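To keep things clear, I will list the structure first and then write my remarks on it.
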Amino acid sequence: MTTENRAHWLAEEQKLDERLYEAMNPGGEKAVGRLAKQNKRPVRELIADLIDPGETFFELSRLAGFGVDYPDGIDDVPCGGVVTGIGRIHGNWTMIIGNDSRVKAGTYFPITLKKHIRAQAIAENCGLNCVYIADSGGAFLPMQADVFPDDGHFGSMFYNMARMSAKGIKQVTLSTGGNTAGGAYIVFMACQAVMIDKLAYSFLGGPPLVKMATGEVISAEDLGGANVHTGISGGADRFCGDQAEAIEAVREILSLEPPQSINVHRYQESPPAVPQDSIYDLMPAAIHQGIDVRTILETFSDDSYFIEYKKNYAVGRGDNIVAGKIRIKGIPVGVIASNAVGIIFVEAARKAAEWIVRCNQEKIPLLFLQNAPGYMVGSESEHMGMGKYGADMVRAVSCSKVPRVQLVIGPDNGAANYGMSGRAYRPDFLFSTMRARTGVMSGRSAAGVLLSIEERKRESQGKPMSEEEKENFRQKMIEKYDGEAHPFFCGSRLLNDAVLKFGEIRDWLGMAFEVSLLREIEDPSFGNFRF
Ligand code: COA
């Protein structure tokens, strides 16, 4: 049966597919043909061979870089010019970061750096070994001031490699193209580097610069090719004849890593009792329509089993957040989920803060299912202490030590973004869906606020707005604020780690909790609550 909701979300996810196809195939067949002439395959094909056969590559941030408005008429940097994601190598979850040389020779734009560094941060946080597939022209030179000198710019990539390797997190580089100037450090900083004959080059200055600086005329191969660095300089460790051989070399380097294990008891995995795709019928097409979140949880939890915390507490207000425990692929997970229209009342905030503390005490990870347009406003709520109880929730989230994953399934506005573990609160992973709308307030509310300011201004100038002007102003603001809250806009700026289809939620949450539970969970310690 096709419900209206299902038809709506399938159409929305079709738009997502189209956007992703565009992002993942820059330059089309022509660009693949150009690579083939250089004896290279597209970076995703290399990654497919690098990970264990039949395993999924959980590719992150594929919407990064759309609509960036950079110099030289660059509006889009497909996928940010770099592929990042998590897959298993010899059974161990590994972070893979690969330049896509089809996007401006794999050069680094600000969004490329943000994506590369976010992937490194996940790897460092969770203790994942990293493989870099390096093929880059280095900094995108027209934007050098925005990518070169600052913290979070080019140098941070190598700073991260050094610190991670000091922590015992392996850094392996497979160089399959140019690595010039600063980019050469991706080879030389690695614990082990693999270079490919007559494809990979690594030097502090390329042949044109060398000629200019010293007068020496030399080919790229003789200056810094695979033979030079594996045979003469010692800056790289494995010489390979082609890409296929290089992939095997990286797998061999990582073949004797100790097997990973998660820091929580894992129960027998079982599928949900209800059809997983019933979520498509349950999610209202209208973004601000209330949801029954218990039925949503059933679509992706093991056995559709949910142990609810404080179910009878302040029904109608306290249950605008539903709390409890589920299992996902055998992993026990604490849940804080927006329910109904999601506005957070005092009782809901108190219950959420309490549950966050209890899950920390038990050391089980937390899932925040975000569908909240904000905390309740008005004198009744303020006098009851909405501010301080909201702050307690924010404090509990901020000081939480257990892994946290946020999944946005609806409105995500105002301070509710904070209390429900938004990006600034550093959840281990943050996923979005096509129903998500992340913005300071809804387009309608923002338009109302801005219109009242504009009206006052115009009145003080003696030029009051006509009804038509007001309506035009309102529409323009709604379009702007709703547009900026859309998952495409947020994804392009890396405000989430992936935009998931509803049908993908269970697999991605399973991966995210497994990966984030590889790290040790510290004992809880929560500053000063107000209570
Ligand atoms: N900054 C800005 N644009 C760059 C760039 C850079 N560092 N490196 C390459 N590009 C652009 C090229 O202008 C070209 O743009 P176009 O498609 O609009 O014409 C595109 O990227 C592809 O470059 P191209 O040279 O055609 O690709 P290639 O596969 O033949 O060679 C390199 C790749 C990386 C070997 C070569 O581009 C190169 O040497 N780049 C300069 C490297 C460098 O000195 N970087 C120092 C900065 S740290």
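Keep in mind that this is a model prediction, so the values were computed, not measured. Only this structure's heavy atoms are used, side chains among them; waters, hydrogens and symmetry mates stay out. Atoms within each ligand, like the ligands themselves, are counted from 1 in listed order.
- Residue pairs meeting the side-chain hydrogen bond (donor to acceptor under 3.5 Å, both in side chains) criterion with at least one partner in residues 225-234, sequence neighbours excluded, are H229-S233.
- Distance remark: protein heavy atom present below 4.0 angstrom from atom 44 (O) of ligand 1.
- The presence of a protein heavy atom under 4.0 Å from atom 36 (C) of ligand 1 is ruled out.
- Q38 counts as a contact of ligand 1, since one of its heavy atoms falls under 4.0 Å from the ligand.
- Taking a distance limit of 4.0 Å, we find that atom 21 (O) of ligand 1 is approached by some protein heavy atom.
- In terms of N/O distances under 3.5 Å, ligand 1 is approached by A139.
- When distances from atom 14 (C) of ligand 1 to the protein are checked, no heavy atom turns up under 4.0 Å.
- Shown here, atom 1 (N) of ligand 1 is in close reach of the protein: a heavy atom of it lies under 4.0 Å off.
- Note that atom 30 (O) of ligand 1 has protein non-hydrogen atoms nearby, at separations under 4.0 angstrom.
- Under the 4.0 angstrom criterion, atom 5 (C) of ligand 1 counts as having a protein heavy-atom contact.
- A side-chain hydrogen bond (donor to acceptor under 3.5 Å, both in side chains) check over residues 178-207, counting only residues at least two apart or in different chains, returns the pairs S175-N179.
- Remark: R19 is positioned above the aromatic ring of F66, its terminal NZ or CZ atom under 6.0 angstrom from the ring centre and at most 45 degrees off the axis.
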